[in-house]
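What follows is a short report on a single structure.
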There are 2 protein chains.
Amino acid sequence: MKHSEGLEWAIHSCSLLAALPPGTCLPSKLLAEFFDLPEAYLAKQMQKLSQAGIVETRRGPRGGYGLARPSADITLLQMVEAIDGDAQHFRCTEIRRCGPTGVANRHYTRPCGIARSLWKAEAAWREELNKVNLADINRMGQAETPPEQIAKALKWFQEKLAGA
Amino acid sequence: MKHSEGLEWAIHSCSLLAALPPGTCLPSKLLAEFFDLPEAYLAKQMQKLSQAGIVETRRGPRGGYGLARPSADITLLQMVEAIDGDAQHFRCTEIRRCGPTGVANRHYTRPCGIARSLWKAEAAWREELNKVNLADINRMGQAETPPEQIAKALKWFQEKLAGA
DNA sequence: CTATTTCGGATATATTATATCCGCAATTAT
DNA sequence: ATAATTGCGGATATAATATATCCGAAATAG
Ligand code: SF4
Ligand code: SF4
C-alpha cells in the first residue's frame, strides 16, 4: 500500500515540462541531470507516461519528452495511474464461497459490503486526485519555489539547451 | 499500490466474530478451516489485529481470538491500518532540493503542492474508511449472504464448538 | 548516406510480500 | 501436578514485485 518511488520523479518531470515554454522537448539525460536521478530508470517512468499518452516523444538529436496536451488537461490521477497502474487496490478472492459452508455460486449476486466499502474509499481517493491538474500544481509550485531556485534553473536550462 | 492479501482474511474474521454471540472465542485453526485458508499465515494476520488492540486473545484450551470491543467501535480504517500499516502512501524524497539548481534547505518551508495534493487524496480515502464500522459491515453481510449459507455456517460452528 | 542521438523493450538485481515452521510461554481441563 | 491446547515471536524459505541497468532499433540532423 504505497506509491512507487518513480511517481515523484514523473510528476516533477511533467511539472518541469509544463513550466518551460510550450513545445519544449527534454531528453531523459537532461531530466536526470536536473533532478540528480538515475537516467535509465527515470527513462522508464517517462516511458510509462508516454504509453499513457501523457507525454509525446521525439527520437533522435534534439528529441526527448514533451507534454502531449495542455497542462490543464493532465490530471494528477492520470499521472498516478500511468506510473502506479489503474488496478483496484482491493482484490477480492471470494473466500466467502470457499470453506465448508460455501454454497453454489449462483447464490452470490453482487460484491459484499466489505468490498463495496473499500472500493468506495478508493473512489473518493481517485475523485480527489482528479480534481487537481498539472496547471494547478504549477501554480502552487510557482508560489512556493524559492525565487533563487527559479532563477538558477532558468539559467541552467538556457546554457544546457543553447550549448547543445 | 495495493492491499495485502491478508486484509480480506482479517476483515472476514472480524466480521465472523461480530456475527457470533458476544464473547465468542475462535482459534486460528477453526478460522482457517472455515475460510479454507493457510492456518499459519492467517494467524499472522490475527496477530497484527491483536497488536493493534482490535482483537483480544485467550491462550490455552478453548482459547482463541475475540473482538476487543463492540463491533460498532471498530472501524474499517482501523482494520486496514492494522494489516497494511498506517504509513503515508506517498513518501517525498525532496528531489527538488537536489540537482544543480537546488538551494539551501532553509528556503524550503513546507511540502509542495504535489505532496499536499497526494496527501489530501489519501485523507479523503481514510475518511471514507473511517465512516464504516464492523457493525455496518455485518448489517450489510446479513442482508446479502445467502440464507442457505447462514444456516450451514451456524450448524457447522455448533458441531465444531460442541465437539471440542 | 552516415554518424549521432534518443527512445524502448529485454534483462538483471534488490526488496518486499507471502507462506511455513518451531520453540516458548500462558492457560486450562483433568 | 500434568498433559493438552493455543497464541506469540523469531527464523527461515519461496514467490512476487520494485528497482536499476544494458543494448539494439528508430529517428533525425547535417
Ligand atoms: S464477502 Fe466480500 S470481500 Fe469476502 S470474498 Fe465475498 S466479495 Fe470478497
Ligand atoms: S517538491 Fe514536493 S514532491 Fe517534490 S520533493 Fe519537494 S515536497 Fe516532495
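Chain A is the first sequence line, chain B the second, and so forth, proteins listed ahead of strands; every chain is numbered from 1.
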Subject >> Euclidean distance, atom NZ of residue A/Lys29 to atom P of C/dT6 [Å, nearest integer] >> reply: 8 Å
Subject >> A/Gln51 side chain near C/dG9 phosphate (N/O to OP1/OP2, under 4.0 Å) >> reply: yes
**OP:** Could you walk me through whether A/Asn133 and A/Thr75 pass side-chain hydrogen bond (donor to acceptor under 3.5 Å, both in side chains), step by step?
**Re:** CA-CA 4 Å; A/Asn133 62 42; A/Thr75 73; over 6 Å; no
**OP:** Check whether the ring centres of B/Trp119 and B/His89 lie less than 6.0 Å apart, and answer yes or no.
**Re:** no
**OP:** Just compare D/dC8, C/dC7, D/dT28 and give me whichever is closest to any side-chain atom of A/Pro61.
**Re:** D/dT28
Original post:
Quick one: are B/Glu144 and A/Arg116 in side-chain contact, heavy atoms under 4.5 Å?
Top reply: yes
**OP:** Would you kindly give the CZ-to-P distance between B/Arg58 and C/dT27, to the nearest whole Å?
**Re:** 11 Å
Original post:
Is the distance from OP1 or OP2 of D/dT6 to the nearest side-chain N or O of B/Thr57 less than 4.0 Å?
Top reply: no
Subject >> Between C/dA3 (C1') and A/Arg62 (CZ): distance, integer Å >> reply: 17 Å
**OP:** Measure the spacing between CD of A/Glu81 and CG of A/Leu129 and express it to the nearest 0.5 Å.
**Re:** 8.5 Å
**OP:** Could you check how far CD of A/Glu33 sits from P of C/dT6, rounded to whole Å?
**Re:** 12 Å
**OP:** Starting from P on D/dT6, measure out to CG on B/Leu31 and report it in whole angstrom.
**Re:** 12 Å
Listed pairs, N/O of protein and of nucleotides 11-22 of chain D, under 3.5 Å:
residue : atom : partner : partner atom : Å
D/dT19  : OP1  : A/Glu5  : N            : 3.4

Subject >> Phosphate-side-chain proximity, A/Ser50 and C/dC7, N/O vs OP1/OP2 below 4.0 Å >> reply: no
Original post:
Should A/Gln47 be listed as having a side-chain N or O under 4.0 Å from OP1 or OP2 of C/dG9?
Top reply: yes
Subject >> Residue-phosphate contact under 4.0 Å: B/Ser28 side-chain N/O, D/dT6 OP1/OP2 >> reply: no
Original post:
Which atom pair, heavy atoms only, marks the closest approach of A/Cys25 to A/Gly66?
Top reply: SG-N, 4.3 Å
Original post:
Are there more than 12 heavy atoms of other residues, nucleotides or ligands under 6.0 Å from atom CD of A/Gln142?
Top reply: no
**OP:** For A/His12, enumerate each residue passing the ring-ring contact (aromatic ring centres under 6.0 Å, His included) test, keeping only those at least two apart in sequence or located in another chain.
**Re:** A/Phe35
Original post:
Could you give the CD1-to-C1' distance, from B/Ile83 to C/dA17, as a whole number of Å?
Top reply: 14 Å
Original post:
When the distance from CZ of A/Arg59 to P of D/dA27 is rounded to whole Å, what number comes out?
Top reply: 6 Å
Original post:
Could you give the CG-to-P distance, from B/Leu49 to D/dG9, as a whole number of Å?
Top reply: 13 Å
